[in-house]
Asker: 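My structure is below; once you've seen it, I'll send some questions.
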Amino acid sequence: MPLGRTAKHLGHTMRNLVSSLIEHESVTTTLPKAKMAQGMIDNMIVKTKKSTLPANALKSKLYGELYNQEKTVPKLMNELTERYKDRNGGFTRILKLEPRIGDNAPQAILELVDNGEREMKFWYIAKTVARLELQGQPLDDLTEKNVRDLLLYRKDGDEEFRRTVELCKKEFFDDSEEELKNLPRMKSNTNGFHRTFRNYKVVPREEKPKE
Amino acid sequence: MSFAVRSGAGLISVGQSLLPRLSIPSLSIPLPSFLQPRQKQAEDVEKQEKLRQLAQELPNTRSGIPFFHDNGILLAAPKKKTSHMKRRQRLYAPGSKQIKLKNNLNRCPACGHYKRSHFLCMHCVSEIQQYWKQRDVKLQPEPFKEEFTNPQDEEVLYPGKTERMYERKLRRKEYLVKRPKTLPVEH
Ligand SMILES: [Zn+2]
């Protein structure tokens with residue numbers, strides 16, 4: 001039995017998770033559940049994007065696949081398809097967290113990419129950049145690449161990122177001179193990561209000639 | 001076999017070779033009444049009445065007592081107490097049961113403390129999440145508050161409550177285990 005659940009129970013769990021993810025943009029669960037829900041949500045977004053059904057039929061189809069339909073179905077049909085129209089996949093990401101206190105279950109954050117409300121990776125990198133700027137350090141290659149990847153498809157991403165960095169400076173590093181003393185080990189040029197990160201550029205794929 | 005444990009009557013239906021056979025008073029077929037003396041007849045009636053009562057009570061006699069209690073069957077049990085040495089050898093000697101060293105440690109770029117590679121730093125995550133929480137509270141509409149023209153009305157309707165030590169502890173969530181922050185990376 002996957003996840004120790006019967007097929008019926010599992011279906012409801014996944015349906016709950018996917019609905020919550022669409023509603024709140026981000027959910028924190030255990031890693032196996034996050035992995036399972038990730039495939040389902042990606043599939044659902046692709047099928048909604050590519051659907052040739054009339055709006056009414058698509059709507060009633062999605063009503064059978066989600067919960068809290070008054071909120072989630074219109075959001076999936078309008079907001080998410082609009083947000084991901086340039087992407088062919090990878091609408092979600094999984095970030096691993098430390099095991100849960102109590103039962104030591106591995107946890108993970110499952111979040112929709114490019115959401116404006118609760119995107120942990122966006123804020124984490126913004127916090128990193130804010131810290132480096134407060135310390136007067138240049139951005140290392142890894143962080144630069146992370147920022148570039150993060151804002152690749154995002155609408156008005158640069159402005160929002162700048163705004164978030166300023167917020168991070170104010171919120172998380174206000175009166176903590178002590179915290180800023182710990183400088184990155186720049187000799188490896190990877191912001192302190194042990195593995196050497198090779199400098200490479202992201203080259204966009206060649207476009208196929210249209211027939 | 002739980003049905004066998006529950007009642008004595010149910011026992012008889014279980015395989016008879018496995019379990020001890022309960023002796024049931026065998027009833028001999030009485031002679032026709034006209035062949036017997038009158039006193040004997042009366043005795044027989046009395047006897048049969050008593051036996052019927054006993055048969056009725058039979059299911060209730062052993063109720064409450066588990067079937068495996070005091071019936072001559074012995075269950076498997078350790079013969080000797082496990083010695084201190086053997087117990088510690090079993091529990092603490094295997095390497096797989098000991099705490100392992102973590103070698104996959106990195107420096108968190110957002111706070112400069114240790115974190116596991118490929119995992120987020122929980123300190124930074126909780127900081128960001130706390131910020132989101134108080135940001136989203138501000139966006140919520142303000143909760144409805146009743147307004148009174150006469151302040152005494154409010155005092156009568158909602159008399160003040162003193163918060164006890166126990167309640168304060170509950171509100172502050174002091175019973176929760178908090179994740180300690182990791183050490184800063186040294187150079
Ligand atoms: Zn951190």
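What you see is a predicted model; the values in this text were computed from it and never measured. Naming: A, B, ... by sequence-line order, numbering from 1 per chain.
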Asker: Is chain B contacted by the side chain of A:Ile109, its backbone, both, or neither, given a heavy-atom distance below 4.5 Å?
Answerer: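 It is the side chain, since no backbone atom gets that close.
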Asker: In Å and rounded to the nearest 0.5 Å, what is the SG to CZ distance from B:Cys108 to A:Arg131?
Answerer: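 B:Cys108 SG to A:Arg131 CZ: 7.5 Å, rounded to 0.5 Å.
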Asker: Looking at every heavy atom in both A:Lys127 and B:Cys124, which two are closest together, and how far apart are they?
Answerer: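 It is NZ-SG, 3.1 Å.
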Asker: Using a 6.0 Å cut-off, check whether atom NZ of A:Lys75 has over 12 heavy atoms from anything other than its own residue.
Answerer: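 Counting other residues, nucleotides and ligands, NZ of A:Lys75 exceeds 12 neighbours.
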Asker: Give the C-alpha distance, both sets of side-chain angles, the deciding distance and a yes or no for side-chain contact (heavy atoms from CB on, under 4.5 Å) between B:Gln130 and A:Glu171.
Answerer: CA-CA 11 Å; B:Gln130 272 171 23; A:Glu171 288 292 329; over 6 Å; no
Asker: Please report the interatomic distance CD(A:Glu117) to CZ(B:Arg135), rounded to the nearest 0.5 Å.
Answerer: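 Spacing of CD (A:Glu117) from CZ (B:Arg135) equals 7.0 Å.
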Asker: Counting only heavy atoms not in B:Glu46, do more than 12 fall under 6.0 Å of its CD?
Answerer: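 For B:Glu46, atom CD is not crowded (no more than 12 foreign heavy atoms under 6.0 Å).
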Asker: Working to the nearest 0.5 Å, report the span between NE2 of B:His113 and CG of A:Asn182.
Answerer: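 If I round to the nearest 0.5 Å, the distance is 6.5 Å.
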Asker: Drop me the distance from B:Ile128's CD1 to A:Arg118's CZ, to the nearest 0.5 angstrom.
Answerer: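 If we round to the nearest 0.5 Å, B:Ile128:CD1 and A:Arg118:CZ are 13.5 Å apart.
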Asker: Side-chain contact, heavy-atom cut-off 4.5 Å: B:Gln129 with A:Met120?
Answerer: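 Of all side-chain heavy-atom pairs linking A:Met120 with B:Gln129, at least one is under 4.5 Å.
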Asker: Would you say OH of B:Tyr92 has more than 12 non-hydrogen atoms from neighbouring residues, nucleotides or ligands within 6.0 angstrom?
Answerer: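 No, the 6.0 Å shell around OH holds no more than 12 heavy atoms from other groups.
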Asker: Atom CZ in A:Phe172, atom NE2 in B:His123: separation rounded to 0.5 Å?
Answerer: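 It is 9.5 Å, given to the nearest 0.5 Å.
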Asker: Atom NE2 in B:His118, atom NZ in A:Lys96: separation rounded to 0.5 Å?
Answerer: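 So the gap between those two atoms works out to 7.0 Å.
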Asker: Does atom NZ of B:Lys100 have more than 12 heavy-atom neighbours from other groups under 6.0 Å away?
Answerer: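 Yes, because the 6.0 Å sphere around NZ of B:Lys100 holds more than 12 heavy atoms from other groups.
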Asker: Taking all non-hydrogen atoms of both residues, which atom of A:Ile101 and which atom of B:Val177 are closest, and how far apart?
Answerer: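 Taking every non-hydrogen atom into account, CD1-O, 3.9 Å.
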Asker: With a 4.5 Å heavy-atom cut-off, do B:Cys121 and A:Tyr124 have their side chains touching?
Answerer: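 They are in side-chain contact.
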Asker: Quick check: are there more than 12 heavy atoms from other residues, nucleotides or ligands sitting under 6.0 Å from NZ of A:Lys61?
Answerer: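 Atom NZ in A:Lys61 is packed in, count exceeds 12.
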Asker: For atom CD1 of B:Ile99, is the number of surrounding heavy atoms from other residues, nucleotides or ligands below 6.0 Å larger than 12?
Answerer: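 Counting other residues, nucleotides and ligands, CD1 of B:Ile99 stays at 12 neighbours or fewer.
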Asker: So with a 6.0 Å cut-off around OH of A:Tyr153, is the heavy-atom count from everything else above 12?
Answerer: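 Incorrect, the count does not exceed 12.
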Asker: Side chain, backbone, both or neither: which part of A:Pro99 has an atom under 4.5 Å from a heavy atom of chain B?
Answerer: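 Its backbone and side chain both get close to chain B.
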Asker: Quick check on B:Tyr131 against chain A: is it the side chain, the backbone, both or neither that has a heavy atom closer than 4.5 Å?
Answerer: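 Just its side chain gets close to chain A.
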Asker: Return yes when atom CG of B:Asn150 has more than 12 non-hydrogen atoms of other residues, nucleotides or ligands closer than 6.0 Å, and no otherwise.
Answerer: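 Enclosed: over 12 neighbouring heavy atoms sit under 6.0 Å from CG of B:Asn150.
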